Number of protein chains: 2
Amino acid sequence: MSDFKDFIGSDKGPQCPRTYILALTDTLNVVSGKWKLPIIAALLRGVSRFKDLLDSTEKITPRMLSKELKELEMNSIVERKVYNQTPVLIEYRLTKSGKDIANVIDSMIDWGLVHRTQVIKKLPESLS
Amino acid sequence: MSDFKDFIGSDKGPQCPRTYILALTDTLNVVSGKWKLPIIAALLRGVSRFKDLLDSTEKITPRMLSKELKELEMNSIVERKVYNQTPVLIEYRLTKSGKDIANVIDSMIDWGLVHRTQVIKKLPESLS
DNA sequence: ATGTTCAGTATACAAAAATATACTGATATT
DNA sequence: AATATCAGTATATTTTTGTATACTGAACAT
C-alpha cells in the first residue's frame, strides 16, 4: 500500500517517486470533469450503447458523450466493440481497470461521509 | 465500507443514496483542479506559511494560492490561524479531514499503478 | 419516397478555471 | 528616508471545459 504522506517530497527527505505522480495524474484524469463518473456509473450498471448512455446520463449532449467516451477509450477505461449487424451495434464496456475504479470511488465516498460528520460535530448547536 | 457498484442507481434497483453523491462531490471538490493536491502535499509535510507555500508550490501565483486556501478553509480542510506578533504570523494547518484525505490519494495512486501495469501488459511486444 | 433509428459530427458560443503583471499596507531594518 | 518582508489584493487576459443547436449517413420499415 502506497503511503502518500511518506512520499510527497520535501527539500530534505524522500521525494515522491515520479511513478506515483503519474499514477495519481492518471486517476485524476478519470475522475475529474463533469461527465466521466456519471458515464462510468452507467457503464457499471450495464448500459452499453451510445443511445442508452445518452438517455441514462441526464442532460449530456451527444458531443460531450462522444468526446468523453473517446478519452475513456484512449485511457483504456472503456473498450469500444463494433458488431457488424444491421443496424450496426456498438457497445462500450468497462475494462478491468474501468471496473476497478469503483474502489477509488468507494474511498472517496468514505472520506466524504466521515468528513461531513466531522464538520457537523464542530458546528455550533444553533446551526445544526 | 460503501460499495459504489451496488448504489450507482438504475431504473430498476437501488438508487445511489443522495448522501453518497454529496460525499463524493465533497471529495471531488478537494482533489480536483490544478493546485489543491500540491498545496495539501506541502501542508502535509509541514509547510504552513503563505510565503513558504508560494515557494514550495512551483509556479503558483499568490492569487491562486490565496483563492485555493480560502476554498480549502471554507471546506474545513485547512485552518487559518493568525498570531498577532509583529510581523504578523499566519499559519495554515490541515484539519483532521485534511490529513485523512491522504487515504484517498493513496487509493488513487494504487489504482493508477495497477492500471499502468495492466495497460502495459496488453501492449504489443514491439511497443513495450 | 418518407420517415425512423443508430451512432455519431460540425459550428458557434458561453462559462469556468487558470495566468500574467502589477500593486497595497503594515511593520521592521539599515 | 529608502528598502525589505509578509500576506495578500486588483485588473485584465488567456486557456480549458462545457453547452446549444443543427446536421450527416447508413440501413431498414411503411
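Every chain is numbered from 1 and lettered A, B, ... according to where its sequence line falls, protein lines coming before strand lines. Here the structure is a predicted model, which means the values were calculated and not measured. The basis for the numbers below is simple: all heavy atoms, side chains too, and nothing from hydrogens, waters or symmetry mates.
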**Item:** Gap between atoms CD and C1', on E91(A) and dG8(C) respectively (whole Å)
**Value:** 17 Å
**Asked** Over how many whole Å does the gap from L69(A) atom CG to dG8(C) atom C1' extend?
**Response** 11 Å
**Prompt:** Within the structure shown, what part of the strands sits under 4.0 Å from P62(B) by heavy-atom distance: base, sugar-phosphate, or nothing?
**Reply:** base
**Prompt:** For the side chain of R63(A) and the base of dT9(C), is some donor closer than 3.5 Å to an acceptor across the two?
**Reply:** no
**Item:** Whole-Å gap separating P (dA16(C)) and CD (E68(B))
**Value:** 16 Å
**Asked** If you check every side-chain atom of W35(B), which of dA22(C), dG18(D), dA18(C) has the closest atom?
**Response** dA18(C)
**Sole residue of L24(A), T27(A), D3(A) in side-chain contact (heavy atoms from CB on, under 4.5 Å) with I105(B)** = L24(A)
**Prompt:** Cut-off 3.5 Å, side chains only: do Q118(A) and S97(B) have a donor facing an acceptor?
**Reply:** yes
**Prompt:** Which one, dA7(D), dA7(C), dA22(D), comes nearest to the side chain of R49(B)?
**Reply:** dA7(D)
**Nearest-nucleotide comparison on DNA chain C, the residue closer to the 5′ end among L89(A) and P87(B)** = L89(A)
**Message:** Measuring from the side chain of K70(A) (C-beta onward, heavy atoms only), which nucleotide among dA7(C), dA18(C), dT9(C) has the closest atom?
**Reply:** dT9(C)
**Request:** Check the distance between dA7(D)'s P and Y92(B)'s OH and give it to me in whole angstrom.
**Result:** 8 Å
**Asked** Which nucleotide sits closest to the side chain of F50(A): dA7(C), dG8(D), dA18(C)?
**Response** dA7(C)
**Message:** Quick check on dA7(C): is either OP1 or OP2 less than 4.0 Å from any side-chain nitrogen or oxygen of K51(A)?
**Reply:** no
**Item:** Protein-nucleotide distance (M64(A), atom CE; dA15(C), atom P), rounded to Å
**Value:** 16 Å
**Prompt:** Is a side-chain N or O of S32(B) found less than 3.5 angstrom from the main chain of L28(B), in a donor-acceptor match?
**Reply:** yes
**Asked** How long is the line joining CG of N84(B) and P of dA26(C), in whole Å?
**Response** 14 Å
**Message:** Taking only side-chain N and O atoms of S66(A), does any of them lie within less than 4.0 angstrom of OP1 or OP2 on dG8(C)?
**Reply:** no
**Fill in**
Nearest heavy-atom contact between I101(A) and I40(A) is CG2-CG2, 4.0 Å
**Selection from dA7(C), dA7(D), dT21(D) that lies nearest to any side-chain heavy atom of R80(B)** = dA7(D)
**Asked** When you check the gap from the basic side-chain N to the acidic O, do E91(B) and R49(B) get nearer than 4.0 Å?
**Response** no
**Asked** Which whole-number value in Å describes the distance from D55(A) CG to dT5(C) P?
**Response** 11 Å
**Prompt:** Are Y83(B) and dA7(D) close enough that a side-chain N or O sits under 4.0 Å from OP1 or OP2?
**Reply:** no
**Message:** Taking 4.0 Å as the cut-off, does a side-chain nitrogen or oxygen of K34(A) come that near to OP1 or OP2 on dG18(D)?
**Reply:** no
**Item:** Separation of atom CD1 in I60(A) from atom C1' in dG8(C), rounded to whole Å
**Value:** 13 Å
